[in-house]
Amino acid sequence: MLYLQIEIPKSKYSNCFRNEFAIPVLMIVGQNEFGCSNFLRRKRKWPQIPYKGRWQQTFNEQQAMETLKKTAILDESDSNPKTHILSTLINSFRLYGCDTNPSAYSFVISNLAQRSLFSQLPTVLDHLENIEKFETPERMFTDLIRSYGEAGMFQDAIDIFFRIPKFRCIPSASSLNSLLLVLCKKRESLVLVYDVLMRSLEMKIRLEDSTFHLLVKALCRYGKMSSAIEILNLMEDHGCIPDSKMYSMILSSLCKHAGSVEVLHFLEEMLNAGFTPNGSEYVGVVTILVKEGRAKDAFDVLNRMKREGVKPDIVSYTSVLNGFFSVGDFQKGEQVFDEMLVMGLVPDPFTYSVYINGLCKQNNFEGALKMLVSMEEVGCRPDVVTYNVLITAFCKVGDVGKARELVGKMHLQGLQGNLHTYRILIDGLLSAGDVVAAFGVLVEMLNRGFVPRSSTFSSMVCGLCVCCLPHDALQVLEEMVKRSVAPEARAWEALLLSSSFSPSCTETLLDLEGLTAAN
DNA sequence: ATAGGGTTAG
């Protein structure tokens, strides 16, 4: 049915309806059983025609709702409305001679919640509970619980949930879920979940897959992994079946929040349940094994992937490669690298950085530089990390000349150094005793907005003092204080010693020390 | 289908 609202002059038809507003009259157009003219002619006969009674009742209820909504809107602009919205609700429906209905209460409750007028809710709810006779739709409570949650009123959310039966409504998993979602929003309210679940079971609410799903999701988010697994195992008792998504969530979260033992154990459980992790979930497993120095086990997982029909990608190979190199098993690393190529995988800058780092660790600098050239030859552009790896290696062996050369090469390729580049280079130059060059790089670093570590700053101060440049040293110290980096004791000592000949320096120094102490 | 997941330093 298509409805069209038009305004009819009040004087002519004001007896149609008991409405003090300008009355919008519903004209029915298109296909309907009344027709426009019938509608107006038969208006007085409606009460006598029983089969049209329902239509009229609906119509009156609509009119009452309109009045209620209009008044509510008027009240919204009024900062201090005179009447309680419950009175408006009752009056609007009384005006049209019809009974209040669930939609009216839904409107009033969501209206109050939207306007954060929670203090008015108890009156409305009491009336709904004690005076009304209709069965309240559960939807009203799920919405209200969500609103309480958004307002941080967790206890009210809990209270209304347990009060649902008093409103002639049988609570199901949907209102339980809405309450659980509220309680899972904050870590502190998680402790209330258990009690709510127990009481829900007493109320004979049937837990659904969705209930377990949201609980597992929340527990994973907070890293409460043993609880998440416990919930997963509880599902069967309630006639629910975990899906692959839940296993995936737990596996990925375990990689973040637990150790490799738990991860491997759960991986077995997941596979036994008939679910296969996807590529990135496997990467997580490989990565945690590598992080714990279990390169061999990581490699086993790689082979496990192949057996499960998941092709290991460049990321998992790079991780395993890194695993073998970081435990010093270079032979196995080389083997993995070759296997990766055989598998048709194309190394990317990550892979090359790891590989070059491995070569450097073996002191094979020639090989590392060759690798840099060959990656470029195959069209893989080295990135900042690739250069940082090489710069670190050359700084470590004291070849700062080569390190600076690499920085130059990097710049030529349009690559800017990052925070690490500067830290590595300055530390390297200072260890090599090239204080002046280090000072130059430090100035550039500060100009680019990077903040050196306290140790770098302090070494710089000491270095400048040794070179009899106390004024520059003092300047560096000032820059530190400006950036809230606390100087190490050796920096103060070096400066105090070297500035003992210059009273003005000492004065500035004491001021700075006071400033630092105040911080 | 996509991206992101994997690298240095400490």
Side-chain angles (χ1 to χ4, degrees), chain A residues 248-249 251-257 260 263 267 277-295 297-299 301-302 305 310-327 330 333 336-337 339-340 343 345-362 365 368-369 371-372 375 380-397 402-403 406-407 410 415-431 441 445 450-459 485 488:
Chain A
S248 294
M249 275 193 297
L251 184 66
S252 319
S253 304
L254 277 173
C255 292
K256 275 197 208 109
H257 301 288
S260 63
V263 169
L267 174 65
N278 67 20
S280 46
E281 284 151 18
Y282 264 121
V283 167
V285 178
V286 168
T287 306
I288 192 161
L289 288 165
V290 167
K291 273 198 184 120
E292 292 184 15
R294 299 175 61 177
D297 294 322
F299 189 56
V301 170
L302 214 66
M305 285 172 81
V310 182
K311 189 187 167 188
D313 63 1
I314 191 68
V315 179
S316 25
Y317 266 105
T318 305
S319 191
V320 172
L321 182 69
N322 181 43
F324 281 123
F325 281 159
S326 41
V327 295
F330 300 110
V336 167
F337 188 75
E339 183 186 306
M340 183 187 74
M343 294 271 291
L345 293 169
V346 182
D348 64 10
F350 274 78
T351 322
Y352 280 112
S353 298
V354 168
Y355 194 65
I356 290 173
N357 191 37
L359 293 170
C360 290
K361 273 181 149 180
Q362 298 171 77
F365 301 108
L369 288 172
M371 191 52 72
L372 180 70
M375 73 183 276
C380 181
R381 284 175 63 100
D383 63 12
V384 184
V385 178
T386 320
Y387 279 105
N388 284 353
V389 164
L390 283 162
I391 294 164
T392 309
F394 283 109
C395 281
K396 241 178 213 161
V397 294
K402 191 68 196 167
L406 281 160
V407 174
M410 187 174 76
L415 276 174
Q416 293 264 37
N418 63 13
L419 176 67
H420 294 303
T421 320
Y422 285 107
R423 285 181 173 178
I424 296 160
L425 191 60
I426 296 170
D427 288 346
L429 287 167
L430 286 172
S431 315
V441 179
M445 180 181 186
F450 295 121
V451 181
R453 281 188 304 253
S454 177
S455 68
T456 304
F457 258 136
S458 303
S459 303
V485 179
E488 292 173 2

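Chain letters run A, B, ... following the sequence lines, proteins first and then strands; every chain starts at 1. Atom set for the values below is all heavy atoms of this structure, side chains included, hydrogens, waters and symmetry mates excluded.
- Put simply, CG on A:Asp427 is 17 Å from P on B:dT8, counting in whole angstrom units.
- The base of B:dG6 is not paired with the side chain of A:Thr287 by any donor and acceptor separated by under 3.5 Å.
- Which of B:dG6, B:dT8, B:dT7 sits closest to the side chain of A:Val315 comes down to B:dG6.
- When heavy atoms are screened at a 4.0 angstrom cut-off, A:Thr386 is found touching no nucleic acid atom at all.
- For A:Thr318, the side-chain atoms get nearest to B:dG6 when compared with the rest of B:dG6, B:dA9, B:dT7.
- Look at CZ on A:Arg453: it is 5 Å from P on B:dG10, rounded to the nearest Å.
- Put simply, NZ on A:Lys361 is 11 Å from C1' on B:dT8, counting in whole angstrom units.
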Given the rule in the side chain to side chain contact (heavy atoms under 4.5 Å, CB included) test, do A:Lys361 and A:Phe330 qualify, once you have shown the distances and angles that lead to the verdict?
CA-CA 9 Å; A:Lys361 273 181 149 180; A:Phe330 300 110; 3.9 Å; yes

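- Below the 3.5 angstrom threshold, one finds no donor paired with an acceptor across the side chain of A:Ser319 and the base of B:dG6.
- The closest donor-acceptor contact from the side chain of A:Ser253 to the backbone of A:Met249 lies under 3.5 Å.
- In this entry the distance linking CE of A:Met371 with C1' of B:dT8 reads 17 Å, nearest Å.
- When the P atom of B:dG5 is taken as reference, atom CZ of A:Phe350 falls 8 Å away, rounded to whole Å.
- If you check every strand for non-hydrogen atoms under 4.0 Å, A:Ile356 touches nothing.
- Among the nucleotides B:dA9, B:dT8, B:dG6, the one closest to the side chain of A:Lys396 is B:dA9.
- Classified by interplanar angle (parallel below 30°, tilted 30° to 60°, perpendicular above 60°), the ring pair A:Phe299/A:Phe324 is perpendicular.
- OP1 or OP2 of B:dT7 has at least one side-chain nitrogen or oxygen of A:Asn322 nearer than 4.0 Å.
- Looking at every heavy atom in both residues, A:Gly279 comes nearest to A:Met305 through O-CE, 4.4 Å.
- Across all strands shown, A:Val354 has heavy atoms under 4.0 Å from sugar-phosphate atoms exclusively, and none from any base.
- What you find for A:Arg453 and A:Val485 is that their closest heavy atoms are C-CG1, 4.5 Å.
- Evaluation of atom-type donor-acceptor distances gives a pair under 3.5 Å for the side chain of A:Asp348 against the base of B:dG6.
- The separation between A:Leu419 atom CG and B:dA9 atom P is 14 Å, rounded to whole Å.
- Distance CG (A:Leu302) to C1' (B:dG6): 12 Å, rounded to an integer number of Å.
- Atom-to-atom, OH of A:Tyr422 to P of B:dA9 comes out at 19 Å; the value is rounded to the nearest Å.
- The listed nucleotides are B:dG4, B:dG6, B:dT8; the one nearest the side chain of A:Ser280 is B:dG4.
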